[in-house]
Amino acid sequence: MVSSYFKRLLLDLGISEERIEMLEGKGGIVEDEFEGIKYLRFKDSAGNLRRGTVVFDHHNIILGFPHIKRVVQLEKGIKRVFKMKPFYVEEKIDGYNIRVAQIEGRVFAFTRGGFICPFTTERIEDFVNMEFFKDYPNLVLCGEMAGPESPYLVEGPPHIKEDIQFFLFDIQEKKTGKSISVKDRIKMAEEYGIPSVEVFGMYNISKIDELRQLIEELSTQRREGIVMKSPDMKKIIKYVTPYANINDIRIGARVFFELPHGYFMQRIKRLAFYLAEEKIRDADFERYATALGKALLEPFVESIWDVGGGEEIAEMFTVRVKHIETAYKMVSHFERLGLKIHIEDIEETSNEYWKITFKRVYPEATREIRELWNGHAF
Ligand code: ATP
């Protein structure tokens, strides 16, 4: 149930009573609490309050991070979106999206879905200069948390060797969700020493060959892709490397039955468009075809063997926390997300950190494989 305080607030924001009731009825808005602070989380969008919006009070409204459109035909995509105009190209780094904001003197990190992440909230001060929020309490830092020690992803970008890091890619205003310009963001990040995604520079369609070259390099370096942004942040598109498409399939195939078939189909589609646009033929084509086949089949077959041998499908995650309680808070957080996680190991590494190893188990995928392996007809 949503309290009368939040109902009043939503009415003040111009959302009608019927709409509020409808949202509440289908679970589109949920009241949550984190360490005694109550907030409203939007699982659906409502008016200009995007999915993932978090509401504390009339002023502290953090809009959901917007969807970024994807192009699969690089050249025509760029022409269609940017015409002849210049745009910034920056790295699309593979991690999890986080919005960081100060509420009543405390800084919180919100996930894409609008949850306060206990792990990221604890660690964020290791990466972001908190002075920023003293000077700009009205701004929200949006960035990616990426690295090998992530609570949400099994793999990080290969160039991040340990732990996890924050990479800023957007600064938005509270309440409006309006982004500041790329130039101002870069300037502010420099001023406060906030780590940011790599900006490869300004491009326009006449530099398409250089951009293709950049994508080849990123793919060879096993990096995810690029995000292209107009200087005023009004137009944004993303493009992913062939490496990332195949690698996502490899990671997903291990838990094949947990993912919608679309997960695999979308990535095969993106790869096919890349092969067509780049006119990849002969030996190079064979290489991609083999890589795709292996990515899909190898981990899948291995997981069948594992289950056949009595094991359970599972993934392991290691993270560093400052307080053991944060690890337990993460377990509760995962439970609320409907995930089955348990702590496997707690190790004191230094005065500063504890290393926690979590195991995420996939009972449904395990059951499905076991039944099929045991000869069930369907
Ligand atoms: P959506 O399509 O709704 O944006 P998604 O999860 O399907 O989300 P992704 O392929 O993950 O799409 O790409 C979008 C995400 O990429 C962003 O939400 C952000 O977390 C991440 N990202 C990484 N680097 C950047 C960057 N430089 N600029 C913007 N987003 C970035």
Side-chain angles (χ1 to χ4, degrees), residues 42-45 50-53 62-72 77 81 87-100 109-115 117 120 127 140-147 150-157 159-160 164-172 177 179-183 185-186 189 194-203 211 214-215 218 221-249 251-252 259-260 262-267 269-271 273-274 337:
F42 279 68
K43 284 172 81 178
D44 296 337
S45 58
R50 308 185 278 243
R51 197 187 80 83
T53 293
I62 293 120
L63 262 72
F65 189 80
H67 165 67
I68 297 175
K69 287 199 174 129
R70 182 188 304 277
V71 292
V72 294
V81 174
F87 51 88
Y88 282 92
V89 175
E90 54 189 43
E91 178 166 15
K92 180 179 194 308
I93 195 147
D94 191 14
Y96 61 94
N97 182 295
I98 214 82
R99 284 162 289 153
V100 188
F110 304 93
T111 66
R112 194 87 197 269
F115 289 91
C117 171
T120 321
F127 315 109
V140 180
L141 299 178
C142 309
E144 199 82 345
M145 291 291 288
S150 159
Y152 302 107
L153 296 161
V154 282
E155 232 180 65
H159 56 291
I160 308 171
I164 194 157
Q165 284 176 38
F166 176 80
F167 298 89
L168 181 78
F169 52 65
D170 198 348
I171 300 182
Q172 298 183 356
S179 297
I180 68 168
S181 72
V182 178
K183 203 169 152 199
R185 183 196 89 207
I186 295 172
I194 302 170
S196 297
V197 291
E198 190 171 341
V199 179
F200 298 116
M202 283 277 239
Y203 286 71
L211 204 49
L214 173 67
I215 285 158
L218 291 175
Q221 294 164 9
R222 296 189 278 145
R223 287 156 86 169
E224 197 192 12
I226 56 170
V227 184
M228 294 160 270
K229 303 177 174 179
S230 63
D232 62 4
M233 292 289 282
K234 295 236 163 71
K235 289 178 178 159
I236 308 182
I237 48 172
K238 61 192 176 198
Y239 183 85
V240 164
T241 60
Y243 166 79
N245 288 323
I246 294 175
N247 196 47
D248 279 359
I249 289 174
I251 294 171
L259 295 166
Y263 173 93
F264 299 99
M265 299 311 275
Q266 290 296 338
R267 284 160 177 87
K269 175 189 82 181
R270 292 171 205 162
L271 184 66
F273 273 90
Y274 166 82
L337 295 174

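Each ligand, and each atom within it, is numbered from 1 in the order the structure gives. Source: prediction; values computed, not measured. Positions are given from 1, in the same order as the sequence printed here.
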Protein contact of [atom] - nearest heavy atom, named by residue and atom, plus distance:
atom	answer
atom 23 (C) of ligand 1	Ile93 O, 3.2 Å
atom 27 (N) of ligand 1	Glu91 O, 2.8 Å
atom 12 (O) of ligand 1	Lys238 NZ, 2.9 Å
atom 18 (O) of ligand 1	Asn97 ND2, 3.1 Å
atom 22 (N) of ligand 1	Phe169 CE2, 3.6 Å

Sub-3.5 Å donor-acceptor pair from the side chain of [X] to the main-chain atoms of [Y], do we have one?
X	Y	value
Thr53	Gly64	yes
Ser196	Phe167	no
Arg112	Phe65	yes

Side chain or backbone, does [X] bring an N or O within less than 3.5 Å of an N or O on ligand 1?
X	result
Tyr96	no
Lys92	yes
Val197	no
Ile68	yes

Test item, Arg112 contacting ligand 1 (heavy atom, 4.0 angstrom) | yes

Is there a heavy atom of Lys229 sitting under 4.0 angstrom from any atom of ligand 1?
-> yes

For the rings on Phe169 and Tyr88, is their centre-to-centre separation under 6.0 Å?
-> no

List every atom of ligand 1 that sits less than 4.0 Å from any heavy atom of Glu90, numbering the atoms from 1 in the order shown and giving each element.
-> 26 (C), 27 (N), 28 (N)

Which atoms of ligand 1 have any heavy atom of Arg70 under 4.0 Å away?
-> 10 (O)

So, Ser179 versus Asp170: side-chain donor-acceptor pair below 3.5 Å or not?
-> yes

Any side-chain donor-acceptor pair under 3.5 Å between Glu224 and Asn247?
-> no

Do you know which of Arg270, Gln266, Arg267 makes side chain to side chain donor-acceptor pair (under 3.5 Å) with Asp248?
-> Arg267

Applying salt bridge (charged side-chain N to carboxylate O under 4.0 Å, His left out), run through Glu198 and Arg223 and close with a yes or a no.
-> CA-CA 12 Å; Glu198 190 171 341; Arg223 287 156 86 169; 3.0 Å; yes

For atom 3 (O) of ligand 1, which candidate among Met233, Lys69, Arg50, His67 holds the nearest heavy atom?
-> His67

Which of the listed options, Glu198, Met228, Glu144, Met145, holds the heavy atom that is closest to atom 20 (O) of ligand 1?
-> Glu144

Please report the shortest heavy-atom distance between Leu168 and Ala189, naming the atom on each side.
-> CD2-CB, 3.9 Å

Charged N to carboxylate O under 4.0 angstrom, Glu90 versus Lys238?
-> no

